[in-house]
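All ligand and atom numbering here is 1-based and tracks the order in the structure. Remember, predicted model here, so these are calculated numbers, not experimental data.
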Amino acid sequence: MLVDNHNRTINYLRLAVTDRCNLRCNYCMPSEGIDFAENDKLFTIDELIRLSQILITQGITKIRITGGEPFVRKDLMVLLRELSKIDALEDISITTNATVIGPYISELKALGIKNINVSLDAITKDVFEKITRRKQYDIVYENIIRLITEGFNVRINCIALEGQNINEIVPMLDLAKHHNVCIRYLEEMPFNGGSKKFTAIAWDYKRILAHIAETYPDYYQLESPKTSTSINYKIPGFIGTFGVIPSFTRTFCGSCNRLRISATGDVITCLYAKASTNLITALRGENSEETVKENILKAVGNRAKTGFEAQENYKGVFSNSMTSIGG
Ligand code: SAM
Ligand code: SF4
């Protein structure tokens, strides 16, 4: 079992499989993209399988596949097929922009993958396409409806962006009115590849909730797992639910059970922390299993208590992009 220096059990790995993406969401990266990693700096699929196996022996029971956009990796299904064979792995989840997931939906279902988070920051086509800087709305919407209809547990991630999609917050809830889906509103974080700097946000979770209450005053809170980052709610008469994630105000650090590994091998023990170590050389060298395990134990044994403490190492300048971190 992995237990950090603040007595938090770590059993959830967010594993980024690429830093590349076919969208250019303006809160995530600049329009020209970032300096994407060279191919040989990314884990191969075999390495991702081996790394996952090692971490599972250390106590990881849930893996979320993220990126970049995971499905731009043509060999992603090879990883998912292997992971789905591991009994000790209780949950495989995916975070995706749903642009190119279509051809894989049947196999994902057959593999028993249930939890899929999709980023959708607007329900209005031109607002979505302005934010993502690509014309992919129709296919994303179609894939979301397919995923819901096929019975996946779909959660929509929508970041509240001042001046961009605030008028979308309430209309987005229509999806939850008619479908079994959870719409989760996130606070914007400063990991956008340097395109915009800020130290405060206009839309924190309390303001998002107050805004929703103007239209739906009778929503009520649902019970959520202790390690959940979202606070979840139901509006009477709606099939689905909604939630807020205090990703900038960080009220959830006390129960954090997550570890992040980037596609280039960085071990990130908190979203707001710089990488503790890099595993590429360790995994490619001799005695790789022992060395990787030692590195993980060291990183987990030296975690910041909160995101605010972790952030101190940045000294106020966040130049990295969420496409490298994995969200
Ligand atoms: N491409 C996939 C997607 O968009 O779902 C997976 C990777 S993306 C980096 C993972 C999550 O990070 C998404 O839900 C996205 O909305 C979120 N994200 C990206 N940049 C963010 C930012 N600056 N603040 C808050 N969330 C962000
Ligand atoms: Fe791509 Fe996801 Fe970043 Fe949007 S949020 S640019 S879809 S990695």
If we number the atoms of ligand 1 from 1 as shown, the ones under 4.0 Å from a heavy atom of Asn157 are 14 (O)
Axial cation check for Phe248 ring with Arg250, 6.0 Å and 45° limits: yes
Go through ligand 1 atom by atom and flag the ones less than 4.0 Å from a non-hydrogen atom of Phe191. 23 (N)
Among protein heavy atoms, which sits nearest to atom 11 (C) of ligand 1, and what does the distance come to when rounded to 0.1 Å? Gly327 CA, 4.1 Å
For atom 4 (Fe) of ligand 2, what's the nearest protein heavy-atom neighbour? Residue, atom name and distance, please. Cys25 SG, 2.3 Å
Which of the numbered atoms in ligand 1 are below 4.0 angstrom from a heavy atom of Gly326? 10 (C)
Ring centers of Phe191, Tyr272 separated by less than 6.0 Å: yes
Can you find an N/O atom of Thr96 closer than 3.5 Å to an N/O atom of ligand 1? yes
With distance as the sole criterion, is a donor-acceptor pair present between the side chains of Arg207 and Tyr205 under 3.5 Å? no
Once you restrict to heavy atoms under 4.0 Å, what part of Ile159 touches ligand 1? Side chain, backbone, both or neither. side chain
Please indicate whether any nitrogen or oxygen in Tyr27 is less than 3.5 Å from any nitrogen or oxygen in ligand 1. yes
With a 4.0 Å heavy-atom cut-off (strictly under), which part of Met322 contacts ligand 2: side chain, backbone, both or neither? neither
Below 4.0 angstrom from a heavy atom of Cys21, which ligand 2 atoms are there? Numbered from 1 as shown, please. 1 (Fe), 6 (S), 7 (S), 8 (S)
Options Ser247, Ser324, Ser119, ranked by nearest heavy atom to atom 4 (O) of ligand 1, top entry: Ser119
Lys125 and Asp138 ion-paired at < 4.0 Å: yes
Row check, Tyr220 ring normal vs Lys234 NZ/CZ: under 6.0 Å, within 45°: no
Applying a strict 4.0 Å limit to heavy atoms, is Asn192 in contact with ligand 1? no
If you have a sec, work out which protein heavy atom is nearest atom 9 (C) of ligand 1 and how many Å separate them, to one decimal? Met322 O, 3.3 Å
Closest non-hydrogen protein atom to atom 8 (S) of ligand 1, residue and atom name please, with distance? Gly67 O, 4.3 Å
Go through the side-chain N and O atoms of Asp91 and Asn115 and say whether any donor and acceptor fall under 3.5 Å apart. yes
Of the protein's non-hydrogen atoms, which lies at the shortest distance from atom 24 (N) of ligand 1, and what is that distance? Met189 N, 2.9 Å
of all protein heavy atoms, closest to atom 8 (S) of ligand 2 is Thr323 OG1, 3.6 Å
Side chains of Arg20 and Glu69: closer than 4.5 Å at any heavy-atom pair? no
Pair Arg50-Ser288, side-chain donor/acceptor within less than 3.5 Å: yes
Per-atom filter on ligand 1: closer than 4.0 angstrom to a heavy atom of Thr66 are 6 (C), 7 (C)
Would you check if there is a donor-acceptor pair between the side chains of Asn232 and Ser224 at a distance under 3.5 Å? yes
Does a sphere of radius 6.0 Å around CG in Asn167 hold more than 12 heavy atoms from other residues, nucleotides or ligands, not counting ones at 6.0 Å or beyond? no
Enclosure of Asp35 CG (heavy-atom neighbours >12, cutoff 6.0 Å): no
Is it the case that the side chains of Asp121 and Tyr27 hold a donor-acceptor pair, with the cut-off being a distance below 3.5 Å and no angle test? yes
What are the atoms of ligand 1, with element, lying closer than 4.0 Å to any heavy atom of Gly68? 1 (N), 2 (C), 6 (C), 7 (C)
At a 4.0 Å threshold, what atoms of ligand 1 neighbour a non-hydrogen atom of Cys28? 20 (N)
Give a yes/no answer: is there an N/O/S atom of Cys28 under 2.8 Å from atom 1 (Fe) of ligand 2? no
Quick check, are the ring centers of Phe71 and Tyr104 under 6.0 angstrom apart? yes
Hey, which atoms in ligand 2 end up nearer than 4.0 Å to a heavy atom of Met29? 6 (S)
Contacting atoms of ligand 1, where contact means under 4.0 angstrom from a heavy atom of Glu187: 25 (C)
